[in-house]
Q: 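Below: one structure in structure tokens.
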Amino acid sequence: MPRPITARSLGMDIGTLPPGPLNAISDIDGVTVGHVTRETGDARTGVTVILPHPGNVFRDKVLAASHVINGFGKSVGLMQIDELGQIETPIALTNTLSVGTCATALIKHAIRANPDIGRRTSTVNPVVCECNDGYLNDIQGFHVAESDVEEAIRTAQADFTEGDVGAGKGMSAFELKGGIGAASRRIALDGETYHLGALVLSNFGRRQQLRIAGRPVGDGRAGSAASESGSVIIVLATDVPLEHRQLRRVARRGGVGLCRVGSYLGHGSGDVVVAFTTANRINHDESRDLLSLGCLNEMRIDRLFQATAESVEEAVINSMLAAETVSGFEGHRRESLARLMDRANSLL
């Protein structure tokens, strides 16, 4: 599905590395994204899922790591990612009070494909991350259902919609409309082309601090005096073979991209990064004692650090540009950055 507006469609080249063909997390072969959006009555919410590959993720796990930049969050599954360095379900993003619903749905999805879970083999570690969409969404309405997670998994694709969709429907960024955004970068290693892609759920920032391509963006007003109280989830994927420690080093650089758009990683913000590689996989039923996994020459890892910073920065901007103006719970309203720029005949 084509993106209505992106940074590049407006002539903004963020960073210096080239993007992948889709300029999205799905430039990593096999990675897909699905959404279900709930927009009825006071509901402005939904769920977004990221599938690391099209197979059975429990049986064919991907190496992963996480990094908590600021821990005002209620995610599920990060502890086991950090301990074992693996992801074994799709990754679900949703609102804060729907984390339990999504975790249950991921567990049931895994059990349907793997009836031995918890009986003849280990239990399963669902991965769910969240942001608080309560400004636009009646978050106490529990509008996200287990069936929404299943539908998002079933309909996941490489060419996915961004903006105010899925988990991004009710999110706010820099006191404007936030949501789902993506970007990617191409990386050359040993004469071959690899990719690193980012997907963000943006729900953070204060208006007067917004920066695009390093330049301040604003309409002359001071913005809200409220402290930072939002969140952002960053999911990074790559086809570069990395070990768990290297993935965690890459994940830490997600904060660089946030700072580039003006965030100071405030006290009340839950800023979480989950990173995985599709190049190193773990067979759940592996019988060998010793495994061989690829890893990157550490002297080349700066290329991935740069790709992460640029992809996250651009993904945040895309999440706002692709989003429409949304009115929601108790008459609250968040305006689209793109519409704001149209009225001002470009703020850059």
Side-chain angles (χ1 to χ4, degrees), residues 7 14-15 19-20 23-28 31 33 48-52 62 64-78 81-82 87 90-94 96 99 127-133 160 162-163 166-168 171-174 178-185 195-205 228 230-238 240 242 246-266 269-277 304-320 322:
I14 295 176
N23 195 22
I25 193 171
S26 48
D27 280 318
I28 289 73
V31 175
V33 176
T48 294
V49 297
I50 302 98
L51 278 64
V62 294
S66 74
H67 175 60
V68 177
I69 301 170
N70 193 69
F72 209 126
K74 288 82 177 171
S75 298
V76 166
L78 302 187
I81 291 177
D82 289 341
I87 286 175
I91 301 163
L93 309 179
T94 191
T96 306
V99 169
V127 180
V128 186
C129 296
E130 54 76 30
C131 294
N132 184 349
D133 61 10
F160 58 91
E162 298 176 47
M171 301 300 171
S172 305
F174 296 94
I180 297 291
S184 72
R185 292 296 183 268
H195 294 89
L196 181 142
L199 181 144
V200 304
L201 177 62
S202 65
N203 190 58
F204 70 104
E228 172 62 72
S231 295
V232 58
I233 304 301
I234 301 169
V235 180
L236 302 172
T238 186
V240 177
L242 301 174
Q246 292 178 324
L247 280 164
R248 190 163 192 181
R249 293 193 71 197
V250 170
R252 289 191 182 111
R253 271 62 185 186
V256 177
L258 299 181
C259 292
R260 284 182 166 188
V261 294
S263 173
Y264 56 81
L265 313 174
S269 190
D271 308 329
V272 175
V273 187
V274 176
F276 66 88
T277 174
L304 276 77
F305 291 170
Q306 180 182 356
T308 297
E310 292 184 8
S311 295
V312 170
E313 178 185 9
E314 186 169 349
V316 171
I317 299 305
N318 285 342
S319 76
M320 300 175 68

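Hydrogens, waters and symmetry mates are skipped; everything else that's a heavy atom, side chains included, is used.
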Q: What residues form a salt bridge (charged side-chain N to carboxylate O under 4.0 Å, His left out) with Glu310, not counting sequence neighbours?
A: Arg185
Q: So, do Leu196 and Val250 sit near enough that their side-chain heavy atoms are less than 4.5 Å apart?
A: yes
Q: Could you pull out all residues at least two apart from Thr94 that satisfy side-chain hydrogen bond (donor to acceptor under 3.5 Å, both in side chains)?
A: none
Q: Could you tell me which residues satisfy side-chain hydrogen bond (donor to acceptor under 3.5 Å, both in side chains) with Thr238, sequence neighbours excluded, listed by chain and number?
A: none
Q: Sequence neighbours excluded and cut-off under 3.5 Å, please list the side-chain donor-acceptor pairs for residues 67-74, or say none.
A:
residue	atom	partner	partner atom	Å
Asn70	ND2	Gly266	O	3.0
Asn70	ND2	His267	O	3.0
Asn70	ND2	Ser269	O	2.5

Q: Considering only heavy atoms from C-beta outward, does the side chain of Ile91 approach that of Val49 to under 4.5 Å?
A: no
Q: According to side-chain contact (heavy atoms from CB on, under 4.5 Å), who are the partners of Ala65, at least two apart in sequence or on a separate chain?
A: His244, Leu247, Arg248
Q: Could you check Asp133, Thr48, Val235, Leu93 and say which one makes a side-chain contact (heavy atoms from CB on, under 4.5 Å) with Leu201?
A: Leu93
Q: Do Val256 and Thr308 come close enough that some side-chain heavy atom pair is under 4.5 Å?
A: no
Q: For residues Val31 and Pro52, determine if any side-chain heavy atom of one lies less than 4.5 Å from a side-chain heavy atom of the other.
A: no
Q: Report the residue from Val33, Asn318, Leu199 that forms a side-chain contact (heavy atoms from CB on, under 4.5 Å) with Ile180.
A: Leu199
Q: Taking side-chain hydrogen bond (donor to acceptor under 3.5 Å, both in side chains) as the definition, give me every residue that meets it alongside Asp27, ordered by chain and number, with sequence neighbours left out.
A: Ser184
Q: Is there side-chain contact between Ile233 and Val200, with heavy atoms separated by less than 4.5 Å?
A: no
Q: Does Phe204 have any ring pair (Phe, Tyr, Trp, His ring centres under 6.0 Å) partners at least two apart in sequence or in another chain, and if so, which?
A: Phe174
Q: What are the two closest non-hydrogen atoms of Ser202 and Ser319, and how far apart are they?
A: OG-OG, 2.7 Å
Q: Within the structure provided, determine whether Thr277 and Val62 are in side-chain contact (heavy-atom separation under 4.5 Å).
A: no
Q: Answer whether the closest heavy-atom distance between the side chains of Leu236 and Ile25 falls below 4.5 Å.
A: no
Q: Identify the two heavy atoms, one from Ser311 and one from Ala183, that lie closest to each other, and give their separation to 0.1 Å.
A: O-CB, 3.4 Å
Q: Once side-chain contact (heavy atoms from CB on, under 4.5 Å) is applied, do any residues pair with Ser75, and if so which ones, sequence neighbours excluded?
A: Leu78, Cys129, Val272
Q: For the pair Ser263 (side chain) and Cys259 (backbone), establish whether a donor and an acceptor sit closer than 3.5 Å, ignoring hydrogens and angles.
A: no
Q: Just how far is it from atom OG of Ser172 to atom CG of Asn203, taken to the nearest 0.5 Å?
A: 5.5 Å
Q: Under the salt bridge (charged side-chain N to carboxylate O under 4.0 Å, His left out) rule, collect the residues that match up with Arg260, sequence neighbours excluded.
A: Glu313
Q: Just verifying a value: how many Å separate Ile234 CD1 and Ser66 OG, rounded to the nearest 0.5 Å?
A: 12.0 Å
Q: Let's go through Gln246 and Val240 carefully: what are the C-alpha distance in whole Å and the side-chain angles of both, what is the deciding distance for side-chain contact (heavy atoms from CB on, under 4.5 Å) to 0.1 Å, and is it a yes or a no?
A: CA-CA 11 Å; Gln246 292 178 324; Val240 177; over 6 Å; no
Q: Once side-chain hydrogen bond (donor to acceptor under 3.5 Å, both in side chains) is applied, do any residues pair with Ser231, and if so which ones, sequence neighbours excluded?
A: none
